[in-house]
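Note sheet for the following structure.
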2 protein chains.
Amino acid sequence: MQAADTRPKRATQPRPAALPRRAEPDARRQSLIEAAMRVLARAGANGASVRAIAQEAGVSPGLVGHYFTGIDALIAETYTHVDAMVTRALDAAVAAAPPLPRARLEAFVTASFTAPIAQPALLATWIAFWSLVTSQPQIARQHDEQYAGYRARLEGLLREAGVAEADLRHAAIAVTALVDGLWLELCLSPQCFSSEEAGAIARRFLGTVCGGVA
Amino acid sequence: MQAADTRPKRATQPRPAALPRRAEPDARRQSLIEAAMRVLARAGANGASVRAIAQEAGVSPGLVGHYFTGIDALIAETYTHVDAMVTRALDAAVAAAPPLPRARLEAFVTASFTAPIAQPALLATWIAFWSLVTSQPQIARQHDEQYAGYRARLEGLLREAGVAEADLRHAAIAVTALVDGLWLELCLSPQCFSSEEAGAIARRFLGTVCGGVA
DNA sequence: CGCCTTATTGAACGATCGTACAACAATCAT
DNA sequence: ATGATTGTTGTACGATCGTTCAATAAGGCG
């Protein structure tokens with residue numbers, strides 16, 4: 001597997017201004033993680049090498065080893081960063097919704113299919129992370145924790161919406177699976193169905209889960 | 001060199017008997033694809049190199065280039081092979097079900113969470129394939145076709161089960177997404193919920209899609 | 001200013017990657 | 001048997017991989 005052609009040089013995200021030659025450690029870490037995001041979006045999971053990321057960040061390859069124990073740790077932290085960004089976007093969507101339990105729930109799932117969450121450029125980050133889950137127990141644990149957090153947030157919204165406590169776990173698993181499946185297919189072949197259709201399908205499912213009439 | 005080192009190391013799947021030195025071309029192709037499956041299951045997407053696959057198949061690395069245009073083509077054909085195996089297992093489950101539309105439909109989704117489909121060892125094949133979808137248009141086309149085939153089969157079962165023609169497309173997309181999401185999470189963290197739970201969740205969803213009460 | 005800490009460099013290392021290719025060997029037609 | 005065909009080998013090549021590490025440079029502090 002070799003790096004794919006990246007000729008078009010499509011501007012996925014503008015590169016931020018270069019950091020001072022000697023930067024604040026936290027800022028440098030962050031800039032490396034954001035560079036990894038851009039490389040993953042542009043070149044895919046197979047193209048996200050130490051050298052490519054360092055070049056994207058405008059630093060020497062050796063610096064990666066100074067901030068991360070290895071490329072896998074950088075990928076894992078990039079996943080954490082993207083996951084936090086997704087969580088923030090979802091929380092913002094919920095907060096912006098009318099203060100009705102059902103509306104908040106619908107805002108949660110609808111936001112999953114709109115920018116900045118559902119963009120094919122983010123898929124490579126998940127793929128790169130998933131490919132580490134099987135072989136690295138620590139990565140598997142991280143995945144479990146972040147997914148558990150996602151489901152816990154969803155369980156809270158479902159509880160507000162009146163889902164019985166006994167059904168909460170299965171309902172959260174079901175909604176999570178449906179949203180993830182729609183999200184994945186939306187990223188893999190965006191022309192198969194639209195974000196609006198995905199949102200409509202998911203909201204309709206919420207109607208059956210909450211048992212209530214719309 | 002390392003010709004003597006053919007002792008069984010880790011038996012994920014038993015390696016089939018070695019082919020004769022000069023094998024039937026179709027058989028050799030097939031053996032390379034099956035070797036790729038075993039390597040993907042054992043070493044993950046990042047470990048599925050030409051050399052590892054050739055060694056697993058008991059042939060020289062150069063032979064891969066004789067049967068496939070490159071490692072990406074071998075991965076793509078491996079995906080095709082696994083997809084065909086899944087399709088066969090699903091069709092067999094449907095055929096073995098009672099000849100009632102709803103039972104056939106339930107058999108279809110239930111089989112998605114039992115061997116030989118839902119095993120974490122298969123996840124690496126999907127991951128390796130997905131990582132090629134973004135960068136290679138031909139792979140993207142192949143993905144679209146195989147997913148369309150899956151949904152078409154599901155649409156047929158849903159039609160038999162009485163789903164209105166106007167709802168068929170969205171229903172198939174929804175069931176596919178739910179099953180895929182459950183399947184993915186089941187492979188990524190098998191301890192989070194069980195295959196039986198996944199089946200129960202999916203069957204319950206079918207009840208709401210078909211409109212009928214269970 | 002000189003000293004100390006440390007962020008950063010850039011090259012080098014060994015390993016592995018995918019692919020190409022000449023040589024070898026096995027089968028088949030004649 | 002002989003030649004043609006082709007499956008198969010093994011190696012070599014250039015590229016790239018992740019990581020290491022001595023050298024360098026940039027600030028903080030006396």
Side-chain angles (χ1 to χ4, degrees), chain A residues 1-6 18-33 35-36 39-40 42-78 124 128 131-132 135-136 139, chain B residues 1-6 18-33 35-36 39-40 42-78 124 128 131-132 135-136 139:
Chain A
M1 313 183 200
Q2 57 186 7
D5 73 309
T6 51
L19 266 51
R21 199 185 142 75
R22 186 191 180 96
E24 203 75 23
D26 288 350
R28 183 66 81 189
R29 274 184 72 89
Q30 202 66 7
S31 83
L32 281 169
I33 288 173
V39 171
L40 280 164
R42 182 210 313 142
N46 292 332
S49 66
V50 168
R51 280 172 178 80
I53 294 170
Q55 178 175 347
E56 174 70 28
V59 299
S60 165
L63 198 58
V64 171
H66 192 262
Y67 284 102
F68 304 92
T69 62
I71 180 65
D72 291 353
L74 173 51
I75 296 296
E77 293 219 30
T78 302
S131 68
L132 302 177
S135 53
Q136 308 209 17
I139 303 281
Chain B
M1 300 275 288
Q2 53 216 8
D5 184 24
T6 52
L19 265 51
R21 198 185 143 75
R22 186 191 179 96
E24 204 73 24
D26 288 351
R28 183 66 81 190
R29 274 184 71 91
Q30 202 66 9
S31 83
L32 281 169
I33 289 173
V39 171
L40 281 163
R42 183 209 314 142
N46 293 332
S49 66
V50 168
R51 281 172 178 78
I53 294 171
Q55 178 174 344
E56 174 70 28
V59 299
S60 166
L63 197 59
V64 171
H66 192 264
Y67 283 102
F68 304 92
T69 62
I71 181 64
D72 290 355
L74 173 52
I75 297 296
E77 293 218 30
T78 302
S131 68
L132 303 177
S135 54
Q136 309 210 13
I139 304 280

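Note that the coordinates shown come from a computational prediction; the quantities given were computed from them, not determined experimentally.
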Angle between the two end axes of the helix from C:dC1-D:dG30 to C:dT30-D:dA1, five base pairs per end, rounded to 10 degrees? 0°
In whole angstroms, the gap separating C1' of C:dG18 from CD of B:Gln55 amounts to 16 Å
Which residue pairs satisfy the salt bridge (charged side-chain N to carboxylate O under 4.0 Å, His left out) criterion with at least one member in residues 67-78 of chain A, sequence neighbours excluded? A:Arg29-A:Glu77
Closest listed nucleotide, where the reference is the side chain of B:His66 and the choices are D:dC17, D:dG7, C:dA7: D:dG7
In Å, rounded to the nearest 0.5 Å, how long is the span from CG of B:Leu32 to OG1 of B:Thr78? 9.0 Å
Value for OG (A:Ser60) from CD (A:Gln55), rounded to nearest 0.5 Å, stands at 11.0 Å
Supply the atom-to-atom distance B:Gln136 CD to B:Ser131 OG, rounded to the nearest 0.5 angstrom. 9.0 Å
Atom CD of B:Glu24 and atom C1' of D:dT8: how far apart are they, to the nearest Å? 15 Å
Please list, for nucleotides 19-25 of chain D, all pairs of protein and nucleotide N/O atoms separated by less than 3.5 Å.
from: D:dT19; atom 1: OP2; to: A:Ile71; atom 2: N; distance (Å): 3.0

Whole-Å distance between D:dA26 C1' and A:Arg28 CZ? 12 Å
B:Leu74 has an atom CG; how far is it from atom P of C:dT19, in whole Å? 10 Å
Can you tell me how far the CZ atom of B:Arg51 sits from the CD1 atom of B:Ile71, to the nearest 0.5 Å? 11.0 Å
Residue-phosphate contact under 4.0 Å: A:Tyr67 side-chain N/O, C:dT8 OP1/OP2: yes
Run the side chain to side chain contact (heavy atoms under 4.5 Å, CB included) test against A:Ala35 and tell me which residues pass, sequence neighbours left out. A:Arg38, A:Ile53, A:Glu56, A:Ala57
Between A:Gly47 and A:Ala52, the two heavy atoms sitting closest are O-CB, 3.7 Å
Less than 4.5 Å apart, side chain to side chain, heavy atoms only: is that true for A:Ile33 and A:Phe68? yes
Let me know the distance between CD of A:Gln30 and P of C:dA7, rounded to the nearest Å. 17 Å
Is A:Phe68 touching bases, backbone alone, or none of the nucleic acid, heavy atoms closer than 4.0 Å? nothing
If the cut-off is 4.0 Å, is A:Ser49 near the phosphate of D:dC17, judged by side-chain N/O to OP1 or OP2? yes
How long is the gap from CD1 on A:Ile139 to CD1 on A:Ile75, to the nearest 0.5 Å? 9.5 Å
